[in-house]
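Let me begin by presenting the structure, written as structure tokens, before commenting on it.
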Amino acid sequence: MGAGVPDEDSMWPSWLRPLLETSFFVQCKFHSDAHKSECNMYCLDCMNGALCSLCLAYHKDHRAIQIRRSSYHDVIRVSEIQKFMDITGVQTYIINSARVVFLNERPQPRPGKGVTNTCEVCERSLLVSFRFCSLGCKIAGTSSTPKNQKKKRSAVATSDSEDSYSSSSSHAHEKTVRSFTPSTPPPTVVNFRTAKRRKGIPHRAPMGGLILEY
């Protein structure tokens, strides 16, 4: 790393990437018999995976956040996450009367009709004032080799490959057509053969050339 150039990981809290990679809403392996054993908590200090509410007893005085779920995607309330990191540029949503942000990307097959702004990483439709649809997309989009640039390079390479294949196929097809198209003999050959054609020998009646005398 050159002098004066910040490390990509130093741009973000050390707990952020582990948080985004954690699977939540699974049963706690330590409190499986308890009534509330669903893991929807995370300790920013320990970074040891998803926790249930009973696990928090072992994380007193630690920074813990609660993960919620919306349409099978993990979200966190803005009031909680903005205490620990900058979420500028990430679109927020109102869910159950609370403003939240999504943890990871939610790509769309294609942008909606009339959409003028999309996530710089996964191309999900966004309001004009935002750049990213989730915390994960902000990390990818602000790194030195963002995921969206990789996708664009891949798309360009695919397009060039398709153009090359199309051009090659076109030339091959043209050669095939030419090889199966009968050629017309040059006029000089036709005239030469016509000029060389001979007429048949006339047949005369027998005895036609004799003079009989009596």
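Note that these values count all heavy atoms, side chains included, but never hydrogens, waters or copies made by symmetry.
Closest heavy-atom contact between H31 and S37: O-CB, 2.8 Å. Looking at every heavy atom in both residues, S125 comes nearest to V115 through OG-CG2, 3.5 Å. Smallest separation of non-hydrogen atoms from M47 and W15: SD-CA, 3.3 Å. The two residues Y42 and T22 make their nearest non-hydrogen contact at CE1-OG1, 3.6 Å.
One hydrophobic cluster, built from ILVMFWY side chains closer than 4.5 Å, cannot hold both V78 and V75; they sit in different ones. Both I95 and L126 are assigned to one and the same hydrophobic cluster, defined by single-linkage of ILVMFWY side chains at heavy-atom distances under 4.5 Å. Transitive grouping of hydrophobic side chains (ILVMFWY, heavy atoms separated by less than 4.5 Å) brings L16 and M11 into a common cluster.
Taking a 6.0 Å sphere around CZ of F84, one finds it holds more than 12 heavy atoms contributed by other residues, nucleotides or ligands.
Proximity of a side-chain donor or acceptor of E38 to a complementary backbone N or O of C52 within less than 3.5 Å is not detected. Looking only at distances, a side-chain donor or acceptor of N117 sits under 3.5 Å from a matching main-chain atom of L127. A distance-only check finds a donor-acceptor pair linking the side chain of N104 to the backbone of L20 [under 3.5 Å].
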Start with the C-alpha gap between F102 and V90, add the side-chain angles, then the distance that decides, and say whether side chain to side chain contact (heavy atoms under 4.5 Å, CB included) holds. CA-CA 9 Å; F102 284 85; V90 181; over 6 Å; no
Evaluate the salt bridge (Lys or Arg N to Asp or Glu O under 4.0 Å) criterion for residues E80 and R68: first the C-alpha distance (whole Å), next the side-chain angles of each, then the deciding distance (0.1 Å), finally the verdict. CA-CA 12 Å; E80 290 188 60; R68 293 171 169 81; 3.2 Å; yes
What do the steps show when you test H62 against L44 for side chain to side chain contact (heavy atoms under 4.5 Å, CB included), and what is the final call? CA-CA 7 Å; H62 289 186; L44 304 183; over 6 Å; no
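The line from NZ of K29 to SG of C55 is 9.5 Å long, rounded to the nearest 0.5 Å. One finds the CD atom of Q66 at 12.0 Å from the CG atom of L51 (value rounded to the nearest 0.5 Å). Taking CG from L19 and OG from S14, the interatomic distance works out to 11.0 Å, rounded to the nearest 0.5 Å.
With no hydrogens or angles considered, no side-chain donor-acceptor pair links R106 and Q108 at under 3.5 Å.
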